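Here the structure is a predicted model, which is why all the values come from computation and not from measurement.
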Amino acid sequence: MVTTSAASAEQTTAPSWRQVISEDDWHRQLTTLEGWRQFTTATGPAPDLLPEPQWATLTEPDRLLYDEHRLDYHTHMAVVGTSTLRQVVNAGRRLTLLNRHAVSARRGLILSGAAGTGKTTAITQFGKTHEAIDRLRHPGLLRIPVIYVTVPPAATPRMLAVEFARFLGLPMTTRANITDVIEAVCGVAVDARVSLVCVDEIHNLQLATRNGAEVSDTLKYFSERIPATFVYAGIDVERQGLFTGTRGRQIAGRFALIETVPFPYAEEWEGLVATLEQALRLHRHQSGALTRLGRYLHQRTAGMIGSLSHLIRGGAIEAILGGTEKITKALLETVELDHAADGRHTRTRPKTNP
């Protein structure tokens with residue numbers, strides 16, 4: 001029989017890969033305050049690889065736990081610091097400082113580019129950086145420095161306002177009209193000292209439609225009532241007409257634009273591949289194997305950082321599940337990618353027996 005103290009001691013000294021994963025964490029979303037706080041405070045270290053003799057002698061249950069820990073790690077490896085990410089963080093930080101004491105006409109930032117070029121990663125990492133700085137400046141205070149929402153498809157003003165309320169955890173009844181929702185959101189945001197508002201999927205806002213124009217007006221009203229810097233991100237927003245018409249010209253006059261583009265096959269690309277490779281936790285993977293496949297990886301992903309991350313993480317997961325413990329070109333050919341990237345690359349399909 002194991003005593004309580006003995007069980008506690010065993011739990012304390014157990015390897016990191018034997019820690020239980022809370023299922024509740026899997027369902028938290030960035031568009032809720034609880035999920036956002038988990039994202040901004042998560043600092044889990046990369047798992048250590050066991051020495052070869054110890055790995056070879058793991059019991060079946062322990063091997064399953066050990067592999068599960070590494071599989072979970074490869075699903076959310078650390079974000080790679082690209083030049084685009086650094087530009088967004090630096091520009092956003094500068095704007096938040098310039099807007100700190102502004103009472104009107106605060107400036108904002110828009111990220112625009114093709115899908116898979118790192119817009120959401122950049123906007124959320126900037127939000128995470130801003131929240132960390134705010135905590136350092138105001139330790140121990142109950143503040144909500146960042147709001148992160150997405151624009152729903154075919155959004156109406158009330159739908160957008162409810163997204164803000166949902167993030168803040170405000171109870172909203174079906175009877176609450178848009179004025180009630182907006183007033184509640186603005187009141188809590190001001191009291192909680194919100195200083196950054198990140199709005200993703202802004203391409204869902206169509207200024208040419210009545211609802212789109214009204215949603216744009218609602219965002220503008222929020223920006224006037226909430227003393228915060230607003231940052232938008234969306235797919236090719238120029239082509240979506242975000243800067244056309246009276247409202248569009250008003251947005252263009254208040255927001256700076258950063259375009260996210262695919263990476264060329266150059267020194268930075270090789271550095272991104274090397275960084276991702278160094279983060280792998282595989283027992284038989286040879287260092288430098290992926291960097292030697294740099295041109296293939298670029299052709300396969302069309303230079304999209306999102307596709308590159310997905311391909312390498314998918315390869316790592318397949319290497320663990322399949323027991324090879326290494327990533328090769330042949331293994332990467334079995335990993336499905338998004339159509340936008342794979343459509344530009346002719347893959348060699350593995351032969352299968354009839």
Legend entry - Interatomic distance, Thr324 atom OG1 to Leu282 atom CG [nearest 0.5 angstrom]: 7.5 Å
Legend entry - Nearest heavy atoms of Gly127 and Leu196, plus distance in Å: CA-CD2, 3.8 Å
In residues 86-93, what donor-acceptor pairs under 3.5 Å come from side-chain atoms, sequence neighbours left out?
from  : atom 1 : to    : atom 2 : distance (Å)
Arg86 : NH1    : Gly81 : O      : 2.6
Asn90 : ND2    : Arg86 : O      : 3.2

Inset, instruction - Kindly say whether Tyr265 contributes a backbone atom to a donor-acceptor pair with the side chain of His298 at under 3.5 angstrom? - result: yes
Could you give the side-chain donor-acceptor pairs of residues 132-146 under 3.5 Å, partners two or more places apart or in another chain?
from   : atom 1 : to     : atom 2 : distance (Å)
Asp134 : OD1    : Arg143 : NH2    : 3.2
Asp134 : OD2    : Arg143 : NE     : 3.1
Arg135 : NH2    : Thr40  : OG1    : 3.1
Arg135 : NH2    : Glu131 : OE2    : 2.9

Inset, instruction - For the pair Thr75 (side chain) and Asp72 (backbone), establish whether a donor and an acceptor sit closer than 3.5 Å, ignoring hydrogens and angles. - result: yes
Inset, instruction - Please determine if Arg210 and Glu214 form a salt bridge, counting it only when a charged side-chain N lies under 4.0 Å from a carboxylate O. - result: yes
Inset, instruction - Evaluate the side-chain proximity of Gln250 to Ser216: yes if any heavy-atom separation is below 4.5 Å, no if none is. - result: no
Legend entry - Donor-acceptor side-chain pairing of Glu318 and Thr334 below 3.5 angstrom: no
Legend entry - Spacing of Ile327 atom CD1 and Arg313 atom CZ [to the nearest 0.5 Å]: 11.5 Å
Legend entry - Listed once per pair and sorted, the ring-ring contact (aromatic ring centres under 6.0 Å, His included) pairs that draw on residues 204-228, sequence neighbours left out: Phe164-Phe222
Legend entry - Sole candidate of Glu238, His203, Gln240 that passes side-chain hydrogen bond (donor to acceptor under 3.5 Å, both in side chains) when paired with Ser112: Glu238
Inset, instruction - Might you confirm whether atom CD of Gln286 has over 12 heavy atoms from other residues, nucleotides or ligands at distances under 6.0 Å? - result: no
Legend entry - Any donor-acceptor N/O pair, Arg106 side chain to Ser223 backbone, under 3.5 Å: yes
Inset, instruction - Using a cut-off of 6.0 Å, state whether more than 12 heavy atoms not belonging to Glu267 lie near its atom CD. - result: no
Legend entry - Any pair counted as ring-ring contact (aromatic ring centres under 6.0 Å, His included), so long as it reaches residues 89-130, sequence neighbours left out: none
Legend entry - Side-chain donor/acceptor of Lys119 to backbone N/O of Tyr232, under 3.5 Å: no
Inset, instruction - Examine distances only and state if a side-chain atom of Arg107 and a backbone atom of Gly253 form a donor-acceptor pair shorter than 3.5 Å. - result: yes
Legend entry - Side-chain H-bond candidate by donor/acceptor type, Ser307 with Thr301, under 3.5 Å: no
Inset, instruction - Output yes when a side-chain donor or acceptor of Arg225 lies under 3.5 Å from a complementary backbone atom of Cys186, and no otherwise. - result: no
Legend entry - Partner residues of Glu325 under the salt bridge (Lys or Arg N to Asp or Glu O under 4.0 Å) criterion, sequence neighbours left out: Arg70
Inset, instruction - Spell out, yes or no, whether Phe167 and Val190 are grouped together once hydrophobic residues are joined by side-chain heavy atoms under 4.5 Å, including indirect joins. - result: no
All N/O donor-acceptor pairs, side-chain side in residues 149-158, below 3.5 Å, sequence neighbours left out:
from   : atom 1 : to     : atom 2 : distance (Å)
Thr156 : OG1    : Met159 : N      : 3.2
Arg158 : NE     : Ala176 : O      : 3.1
Arg158 : NH2    : Thr173 : O      : 3.2
Arg158 : NH2    : Ala176 : O      : 2.8

Legend entry - Asp67 and Arg63, any side-chain heavy atoms less than 4.5 Å apart: yes
Inset, instruction - Report whether Tyr73 and Leu71 are members of the same hydrophobic cluster (ILVMFWY, side-chain heavy atoms less than 4.5 Å apart, transitive linking). - result: yes
Legend entry - side-chain contact (heavy atoms from CB on, under 4.5 Å) between Ile110 and Phe243, intermediate numbers included: CA-CA 11 Å; Ile110 297 177; Phe243 300 133; 3.7 Å; yes
Inset, instruction - Compute whether any side-chain donor of one residue and acceptor of the other, for Arg166 and Thr31, lie under 3.5 angstrom apart. - result: yes
Legend entry - Joint hydrophobic cluster, Val194 plus Leu95, side-chain heavy atoms closer than 4.5 Å: yes
Legend entry - Under 3.5 Å side-chain donor-acceptor pair for Thr41 and Arg37: no
Legend entry - Sidechain-backbone polar pair: His283 side chain, Leu49 backbone, donor-acceptor under 3.5 Å: no
Inset, instruction - Begin with the C-alpha distance, continue with both residues' side-chain angles, and end with the deciding distance and a verdict on side-chain contact (heavy atoms from CB on, under 4.5 Å) for Leu290 and Leu280. - result: CA-CA 11 Å; Leu290 285 184; Leu280 295 174; 3.9 Å; yes
Legend entry - Flag, side chain of Arg300 to backbone of Leu311, donor-acceptor distance under 3.5 Å: no
